[in-house]
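These figures come from a predicted structure and were not determined experimentally. Both backbone and side-chain heavy atoms feed into the values below; hydrogens, waters and symmetry mates do not.
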Amino acid sequence: MTIKFTVYKGSKEGIKQAETERKGLEHDDVLVRTTHSGVCGTDVHYQSTDMALGHEGTGVVEATGPDVKLLKKGDRVGWGYEHDCCGTCKQCLTGWETLCRGRKMYGLDALDQGSFGTHAVWREAFLFKIPENMSSEDAGPLMCGGSTVFNALHIAEVRPTARVGIVGVGGLGHLAIQFAAKMGCQVVVFSGTDSKKDEAMKLGACEFYATKGAKELKVKAPIDNLIVTTSSQPDWPLYLNIMAPGSVISPLSVDSNDLKIPYMPLLSHGLRIQGGIVASRQVHKDMLEFAAFHNIKPVKMTFPLTLDGVKQALKTLDDGKMRYRGVLVAP
C-alpha cells in the first residue's frame, strides 16, 4: 500500500510544499504522524537545498512494519539527526554509531522526508519513545539540541564536582546550562552582554560573565569543562587563560572555518579539544530520561506546522530573534 504525505522542503527560490510517498512499510519501518518539530540552526543552513527540512520530530505511531517489535500504534515517539547505520562496524558495535562510516544523517540521506511535514517513515531502531511525563512539544528540541549538549557532557566525562563553562545562551546553551546544573556542576556562563544574565541564573548558572570587548576574563576559579555553543567560534585566547590544567573544551559551533587556537597553552596545560555531534542512541535515551526526571524543558517559541509557519520560524531563527528554540505545532 502506497503511503503519501506532505513535506516542506528547501529550494533556491524559498521554502515549498511538496508531496512524497513510500511504497509501503518494510522490515522495522514505522509510519509516524508528526505532531511537533523543533527548529534547528542546521535547518537554516539547508533551507536553500532541494530537500525536505526538519530533524527534531515528535509524533504518534500510525502503522508499523512486519519486523517492528517494541512500538505500537498510538505510541509517542521522536527522532533526531541520525536515521541509520551499518550495525556491524567497530563503532556501531561499541555504541558509537554516530561515527559509523555508513551512517545516514539529516542532509545526506532520506532527502524526501523530514520533521517539517505531516508524516515520516523511519526505522524503529532510530525512534525514541517519549517519556510519559514529557510533552511532545518539549521533546522536539531535545531530539537534536538536547542530544548534542548532553553528548558533549557525556563524552567529556563531566563530573558533578566540575566547573562547567557554557559559552552562549541560545538554542544549545540554555539547554546545556540546565543539564550541567542538574548534574550538580558549578555552571559558569559567558555571553556577549548582560541581557541574558537573569535568565541564565534562573536556568541554573551560578556565575555569569559578559565578554563583549573583554581583553581578559577573571573568574572565581578555573574551568574544568568548556561547552562552546555559539554560532561561530569564540575568541579562543580569551578562554584558554581560564581553563584548568587537564580540562576539556567541547566546540559545538557549526563553522566552516579552520579551528585556529593558540598552541602552547594546549601543550603546557594538557588541554583537550573534544569533537562530537549528536548522541548515540543509548546516550540519547539516557538524555530523555534525565530531562524527564529533572523537568528540563526548552525555552521555546511556537509556530504552526504549515508552509507559512515554517517560513516564519526559519526567518525568526535566521534573524537571531528566537528565544531560544522554535517548535512547529501541527494544526
Side-chain angles (χ1 to χ4, degrees), residues 5 25 28-40 54-65 67-83 95 97-98 114-151 153-154 160 171-172 174-184 202-204 278-305 324-331:
F5 49 93
L25 300 180
D28 68 342
D29 286 344
V30 177
L31 173 64
V32 182
R33 173 175 55 83
T34 306
T35 60
H36 301 82
S37 174
V39 182
C40 181
H55 60 280
E56 290 185 335
T58 59
V60 178
V61 173
E62 284 204 338
T64 58
D67 297 333
V68 170
K69 297 178 180 178
L70 301 175
L71 295 176
K72 63 183 184 302
K73 186 176 181 178
D75 283 345
R76 291 189 306 129
V77 295
W79 71 88
Y81 213 81
E82 187 173 27
H83 308 143
E97 68 269 12
T98 53
S115 58
F116 293 5
T118 60
H119 296 75
V121 176
W122 303 114
R123 288 190 59 204
E124 178 188 39
F126 286 83
L127 290 170
F128 303 95
K129 288 195 73 172
I130 298 172
E132 290 185 7
N133 61 330
M134 178 183 290
S135 73
S136 296
E137 184 174 297
D138 288 331
L142 298 180
M143 294 298 157
C144 178
S147 178
T148 299
V149 297
F150 191 86
N151 187 60
L153 294 163
H154 170 76
L172 294 178
H174 90 284
L175 292 171
I177 293 169
Q178 294 181 73
F179 278 117
K182 291 300 184 181
M183 288 176 178
K202 289 177 182 177
L203 290 170
V278 293
S280 64
R281 285 170 289 176
Q282 183 57 54
V283 176
H284 191 113
K285 291 178 181 178
D286 293 342
M287 178 272 298
L288 288 174
E289 292 176 6
F290 187 90
F293 183 81
H294 290 285
N295 199 32
I296 293 173
K297 298 180 179 181
V299 176
K300 58 189 184 293
M301 298 170 63
T302 59
F303 306 82
L305 184 46
Y324 290 107
R325 300 294 290 197
V327 179
L328 295 163
V329 182

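- Contact between G326 and F303 at its shortest, heavy atoms only, is CA-CE1, 4.2 Å.
- Contact record, P131 with A292: CB-CB, 3.7 Å, taken as the closest heavy-atom pair.
- To the nearest 0.5 Å, the span separating CD1 on I130 from OG on S136 amounts to 4.0 Å.
- Remark: R76 does not engage E132 in a salt bridge, criterion side-chain N to carboxylate O under 4.0 Å.
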**OP:** Could you walk me through whether E124 and K69 pass salt bridge (Lys or Arg N to Asp or Glu O under 4.0 Å), step by step?
**Re:** CA-CA 8 Å; E124 178 188 39; K69 297 178 180 178; over 6 Å; no
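- Aromatic pair F150/H154: centroids not less than 6.0 angstrom apart.
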Subject >> Check against side-chain contact (heavy atoms from CB on, under 4.5 Å), F128 and R281 >> reply: CA-CA 8 Å; F128 303 95; R281 285 170 289 176; 3.8 Å; yes
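- Going from atom CG of L203 over to atom CD1 of I296 covers 10.0 Å, rounded to the nearest 0.5 Å.
- To the nearest 0.5 Å, the span separating CG on L127 from CH2 on W122 amounts to 9.0 Å.
- In this structure, a donor-acceptor pair under 3.5 Å is present between the side chains of S115 and S37.
- Contact of the T35 side chain with the V60 side chain is registered, since non-hydrogen atoms from C-beta on lie closer than 4.5 Å.
- Electrostatic pairing of D138 and K300 counts as a salt bridge here, judged by a charged N lying under 4.0 Å from a carboxylate O.
- Across every non-hydrogen atom of L328 and P304, the tightest pair is CD2-O, 3.5 Å.
- Put simply, the side chain of M143 reaches to within 4.5 Å of the side chain of H284, judged on heavy atoms.
- Under the side-chain hydrogen bond (donor to acceptor under 3.5 Å, both in side chains) criterion, H55 pairs with D43, sequence neighbours left out.
- Taking the side chain as every heavy atom from C-beta outward, L172 and R325 approach each other to under 4.5 Å.
- Residues E137 and T302 meet the side-chain proximity criterion, which asks for heavy atoms closer than 4.5 Å.
- Between P298 and L175 the shortest side-chain heavy-atom distance falls below 4.5 Å.
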Subject >> Step-by-step side-chain contact (heavy atoms from CB on, under 4.5 Å) determination, V77 to V30 >> reply: CA-CA 10 Å; V77 295; V30 177; 5.7 Å; no
Subject >> Steps toward side-chain contact (heavy atoms from CB on, under 4.5 Å) verdict (T34, W79) >> reply: CA-CA 10 Å; T34 306; W79 71 88; 3.6 Å; yes
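- With sequence neighbours excluded, the residues forming a salt bridge (Lys or Arg N to Asp or Glu O under 4.0 Å) with E62 are R33, listed by chain and number.
- Looking only at distances, a side-chain donor or acceptor of Q178 sits under 3.5 Å from a matching main-chain atom of K297.
- A 4.5 Å side-chain heavy-atom check between H294 and F179 finds every atom pair outside the cut-off.
- Atom-to-atom distance recorded for K202:NZ and H174:NE2 is 14.5 Å, nearest 0.5 angstrom.
- Scanning all heavy atoms of the two residues, the minimum distance from V278 to C144 falls at CG1-SG, 4.1 Å.
- Here the CD atom belonging to E97 is positioned 9.5 Å from the CD atom belonging to Q282, to the nearest 0.5 angstrom.
- In this structure, L25 and T64 have side chains that are not in contact, with every pair of non-hydrogen atoms separated by 4.5 Å or more.
- In this structure, a donor-acceptor pair under 3.5 Å is absent between the side chains of T148 and N151.
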**OP:** Would you please test L305 and V329 for side-chain contact (heavy atoms from CB on, under 4.5 Å) and show each step?
**Re:** CA-CA 5 Å; L305 184 46; V329 182; 5.8 Å; no
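- Taking 4.5 Å as the limit, some side-chain heavy atom of H119 sits within range of a side-chain heavy atom of L31.
- Remark: aromatic rings of H83 and F126 are distant, center separation not under 6.0 Å.
- Nearest heavy atom pair, residue E56 against residue G145, reads OE2-N, 3.1 Å.
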